Asker: 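I have a structure I would like to understand better, so I am pasting it below and will then ask my questions one at a time.
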Protein chains: 2
Amino acid sequence: MNDHTLPSAPLHDGVVGAVREMIFDGELIGGQRVPEKLICEKLSISRTPLREALKVLASEGLITLLPNRGARIRRLTTEDVDDMFPVMGALEALAGELVCEQISDAEIDEIRALHYRMAACHKNGDLSGYFELNQRIHGQIMAATGNATLGELYAFLAGRIRMARYRANFSQDRWDQAMAEHEDILQALGERDSVQLTKMLRTHLKNTCDTAKSVIEAGGLRE
Amino acid sequence: MNDHTLPSAPLHDGVVGAVREMIFDGELIGGQRVPEKLICEKLSISRTPLREALKVLASEGLITLLPNRGARIRRLTTEDVDDMFPVMGALEALAGELVCEQISDAEIDEIRALHYRMAACHKNGDLSGYFELNQRIHGQIMAATGNATLGELYAFLAGRIRMARYRANFSQDRWDQAMAEHEDILQALGERDSVQLTKMLRTHLKNTCDTAKSVIEAGGLRE
DNA sequence: CCATAGCATTTTGAATTCAAAACTCAAGGG
DNA sequence: CCCTTGAGTTTTGAATTCAAAATGCTATGG
């Protein structure tokens, strides 16, 4: 009766996640061919699960599959980011609206805790820790809307933006500014002021997109 | 009859499309197990490309993969639709805004032509022709925004709604109403009146979602 | 010296194979 | 009588195999 059969490890998902991380971490860079054989060896798997994963990543828009010519890491263009900005803006505006209606005190506290940890990373110059927590804060805000679809689409687009690896171009000034924006976001969230929250989220998003675009432009010249 | 023949060139994409159509056509119904072997025979392919396709469809949210227990067609719940409505509303609102700025006269004419063909289907009681054209009109509006990301996300969600097969529950009254809503949409589009367009798109979406939900509720009891 | 045709190698796409897990169903025990 | 048990079958997950396509390399001719 008490059949506590744990769902066995979703093995294939692991590969998708692993390759996705490789892309986000910059181990696989935009425009580059995906070295199928190498990754198989690295993950100690055969080509079958990897190829399944590549199909999924292609549908997420992280890679491009060229028939009989292999897979390439998608190269995000400034036009892509320009397209993404208004869409992410619309999603964040909706999130700002919903989250102020839905969020509990406990959830605010949880986000506040993440925020302070992120502030510590900022203070200590721990950029990767900062980005990790930044990611989680935005995710928690989306989760607190109670709207799974919203969170899913947001994560979908946020993943693509991550490809630009705009963190590489994070000046101290920009970092300080982003941190200040997050202070404002937390403030508005604490007061459940959806108008102000939406406004600050949009400002923050705009700056994030601008930074990403400047990285893309610089990268384009380098090659 | 239902001849799901694939385009020969990129086999795998064809399989994704073919299975997706099977779901939309109601050949594979929510909650049902996906008969792997049967579909392989039907499409005359081996399990490898089918399994790749299933992974992609799972990432689209059309099916659910249970480890070691096969794939099931996702069963859309009313809660899912309630989540989707505000998100699709936000995307359509953005589309209404953008399309009024961007659309050319030629594109309006093209949509108008589709609209009249759809009106003819309505008049003749051709429901499946109506839905096909309805689909294309909404797609063209999204395309005319010039924002590929927006169109992509919209198609993603519209695909899920299609799973509800709400067309089955289309009363003549509802059909007449939907057609009237489309008249208003076309009118607003012709005048590039984004406020009115957004308003009508929202009304139309609300009714579509309500119809879908009523089908889901009815289906839930029957099974 | 360069261009290109022809051959060998590598890479890709998809079928087949193989092991492990789940399901079926009938027999045995409480 | 119902619950458990376990062998046989089916289904699933993933490696391997195989054919076709692309890529690279050499040799030959202009």
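The sequence lines fix the lettering, A, B, ..., with proteins before strands; numbering per chain opens at 1. The model shown is predicted, which means the values in this text are computed figures rather than measured ones.
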Asker: Between atom NE2 in A:H12 and atom P in D:dA14, what is the gap in whole Å?
Answerer: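 Atom-to-atom, A:H12 to D:dA14, this comes out as 9 Å.
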Asker: Whole Å only: how far is the CZ atom of A:R72 from the P atom of C:dT11?
Answerer: 14 Å
Asker: Could you check whether any side-chain N or O of A:E107 sits under 3.5 Å from a backbone N or O of A:S104, counting only pairs where one atom can act as donor and the other as acceptor?
Answerer: yes
Asker: Between residues 47-55 of chain A and DNA chain C, which residues have a heavy-atom gap below 4.0 Å?
Answerer: A:R47, A:R51
Asker: Testing the 3.5 Å rule here: is there a donor-acceptor pair between the side chains of A:E110 and A:Q140?
Answerer: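 Per modelled atom types, A:E110 and A:Q140 side chains form a pair under 3.5 Å.
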Asker: Round to the nearest Å and state the distance from B:E41 atom CD to C:dA15 atom P.
Answerer: 13 Å
Asker: Give a yes-or-no answer on whether the side chains of A:N169 and A:S214 include a donor-acceptor pair shorter than 3.5 Å.
Answerer: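 Distance-only check passes for A:N169 and A:S214.
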Asker: For A:P67 and for A:S44, locate the closest nucleotide of DNA chain D by heavy-atom distance; then report the residue assigned to the nucleotide nearer the 5' terminus.
Answerer: A:S44
Asker: Round to the nearest Å and state the distance from B:I45 atom CD1 to C:dG13 atom C1'.
Answerer: 13 Å
Asker: How long is the line joining NZ of A:K37 and C1' of C:dT9, in whole Å?
Answerer: 11 Å
Asker: Could you check how far CD1 of A:I39 sits from C1' of D:dA15, rounded to whole Å?
Answerer: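 Between C1' of D:dA15 and CD1 of A:I39: 18 Å.
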Asker: Looking only at the side chain of B:N68 (C-beta and beyond, no hydrogens), which of the listed nucleotides D:dA15, D:dT23, D:dT12 gets closest?
Answerer: D:dT12
Asker: So, B:R33 side chain and B:R72 main chain: donor-acceptor pair closer than 3.5 Å or not?
Answerer: no
Asker: Decide if the gap between the ring center of A:H138 and the ring center of A:H204 is smaller than 6.0 angstrom.
Answerer: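 Yes; A:H204 has its ring centre under 6.0 Å from that of A:H138.
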Asker: Consider the side chain of A:E36, meaning its heavy atoms from C-beta on, and name the nucleotide among C:dT16, C:dT12, D:dA15 that approaches it most closely.
Answerer: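 When the side chain of A:E36 is considered, C:dT12 is the closest of C:dT16, C:dT12, D:dA15.
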Asker: Between P on C:dT11 and CZ on A:R69, what's the gap in Å once rounded to a whole number?
Answerer: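 Taking atom P of C:dT11 as the reference, CZ of A:R69 is at 16 Å.
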Asker: Consider side chain to side chain contact (heavy atoms under 4.5 Å, CB included). Of A:L205, A:L201, A:L153, which one does A:L91 pass it with?
Answerer: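 Among the candidates, only A:L153 passes.
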Asker: Over how many whole Å does the gap from B:L65 atom CG to D:dG13 atom P extend?
Answerer: 8 Å
Asker: Hey, would you say the A:F131 and A:F24 ring centroids sit under 6.0 Å apart?
Answerer: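 Judged by ring-centre distance (under 6.0 Å), A:F131 and A:F24 do not meet the cut-off.
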